[in-house]
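Encoded as structure tokens, the structure appears first; notes follow it.
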Protein chains: 2
Amino acid sequence: MEERIEKIKQQLHSYNFKLTPQREATVRVLLENEEDHLSAEDIFLLVKEKVQDIGLATVYRTLELLSELNITQKLNFGDNVTRYEFRSEEAEHHHHHLVCVNCGKVDEINEDWLDPIEERVENRFQFKIVDHRLIFHGICKECQKKKRIIYKSRIFCKIRDLFLSISLLSIKW
Amino acid sequence: MEERIEKIKQQLHSYNFKLTPQREATVRVLLENEEDHLSAEDIFLLVKEKVQDIGLATVYRTLELLSELNITQKLNFGDNVTRYEFRSEEAEHHHHHLVCVNCGKVDEINEDWLDPIEERVENRFQFKIVDHRLIFHGICKECQKKKRIIYKSRIFCKIRDLFLSISLLSIKW
DNA sequence: ATGTTTGCAAATGATTTGCATAAAA
DNA sequence: TTTTATGCAAATCATTTGCAAACAT
């Protein structure tokens, strides 16, 4: 923990940025909740518990800074909210996300199976890849057990009866 | 073109929705610009050329409806703007996106190399996949030729000299 | 008659920005 | 004493919603 903070401090310093108390608190919240995919608002509320005098704008600015420096990365799972997570230490290691369309839970998978695909893309399209995002939408294990739909939508209300066939895109489970 | 409109009309009818002039105009814009990844605003402006009396809210409502019915799908390339595109006719066929971090251009790749990966995910995590999104971020062919950075950021302005090493994530090209 | 769809304006929610102040180099 | 960072409030931008009018069945 402390050594990761120290490392981030170095990274900031190398570009003449400071690790202020506000920034440090933000980084700590990110580190302490590495499993989750927090929004700026989520992070702000958690940071506020540590450092009472901090503004939402500062959190946004910090997250933007960290993302620019490639310490964190922004994620977007389709709700129009940006979420933030640490980038893995090893530049080459990526992980992907499983988003449950029913309960909204987001899990990570750490396998990186994309290398051969990246290679094909680079060769075929002469596109120099610097990053990728891979998200699977589906029904998580738990929701499959529950066999219960909690997903809501405007059209759901309208055509309740047909909901299953629409919203689950005709999966059989 | 006309037959695709007709098909969409049927789909809407099957759920008791109507293909109103406004909805039809929206669908036509989508069809006429299938290559692009338009935002609701983009679509609104194009629709407005056809049907002068249409509100932005209607376009949003139409796009939401089409997406709920799985006729279109929403995309998000990291700028906080939802973009819309048709889903391919064959439920199983997916395509992926190449987003140039330099010029912002979005290209599509139609190869679907993800089937074996999906299978592994389903088995390993018992996660029933209904959809996926795969986006590669990188430098497109043209920008590689230009060798010129037009990407802007707040930090770019600040640390101009170090920009290359930060923003391109230490690619060598 | 009844339910659906619309345009408009206002509301919302996430994010950004201006600015005067505070902290650090 | 110059630069960097902050909090706050106001501004912005994408999207949604309430509502009365228009339309379709």
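All chains are named by letter (A, B, ...) in the order of the sequence lines, taking the proteins before the strands, and each is independently numbered beginning at 1.
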>> Applying ring pair (Phe, Tyr, Trp, His ring centres under 6.0 Å), can you list everything that pairs with Phe77(B), at least two apart in sequence or on another chain?
In response: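 His37(B), His97(B).
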
Could you tell me the separation between the [atom1] atom of [X] and the [atom2] atom of [N], rounded to a whole number of Å?
X        : N       : atom1 : atom2 : answer
Gln22(B) : dC23(D) : CD    : P     : 10 Å
Glu64(A) : dT6(D)  : CD    : C1'   : 17 Å
Arg83(B) : dC13(D) : CZ    : P     : 15 Å
Leu65(B) : dT15(D) : CG    : P     : 17 Å
Ile54(B) : dA9(C)  : CD1   : C1'   : 17 Å
Leu12(B) : dT4(C)  : CG    : C1'   : 13 Å

Can [X] and [Y] be counted as an ion pair, charged N to O under 4.0 angstrom?
X         : Y         : value
Arg124(A) : Glu119(A) : no
Asp36(B)  : Lys105(B) : no
Glu24(B)  : Arg28(B)  : yes

>> Under 4.0 Å, heavy atom to any atom of DNA chain C: which of residues 74-82 of chain A qualify?
In response: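 Listed by number, they are Asn80(A), Val81(A), Thr82(A).
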
Distance-only polar pair, side chains of [X] and [Y], donor-acceptor under 3.5 Å:
X         : Y         : result
His96(A)  : Glu108(A) : no
Gln126(A) : Gln144(B) : no
Asn76(B)  : Arg83(B)  : no

>> At 4.0 Å (heavy atoms only), tell me whether Leu56(A) reaches a base, stays on the sugar-phosphate, or touches nothing.
In response: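 Base contact.
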
> Using a cut-off of 4.0 Å between protein heavy atoms and nucleotide atoms, how would you tag nucleotides 18-25 of chain C 5' to 3' with B, S and -?
Replying inline: B-----SS

> Can you tell me if the side-chain N/O atoms of Thr20(A) get under 4.0 Å from OP1 or OP2 in dT6(D)?
Replying inline: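 Yes, within the criterion.
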
> Within the pair Tyr60(B) and dT15(D), is there a side-chain N or O less than 4.0 Å away from OP1 or OP2?
Replying inline: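 For dT15(D), OP1 or OP2 has a side-chain N or O of Tyr60(B) closer than 4.0 Å.
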
> Can you tell me if CD on Glu35(A) sees more than 12 non-hydrogen neighbours from other groups inside 6.0 Å?
Replying inline: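 For Glu35(A), atom CD is not crowded (no more than 12 foreign heavy atoms under 6.0 Å).
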
> Testing Glu64(A), Glu68(A), Glu85(A) for salt bridge (charged side-chain N to carboxylate O under 4.0 Å, His left out) with Lys74(A), which one passes?
Replying inline: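 Exactly one option meets the salt bridge (charged side-chain N to carboxylate O under 4.0 Å, His left out) with Lys74(A), and it is Glu64(A).
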
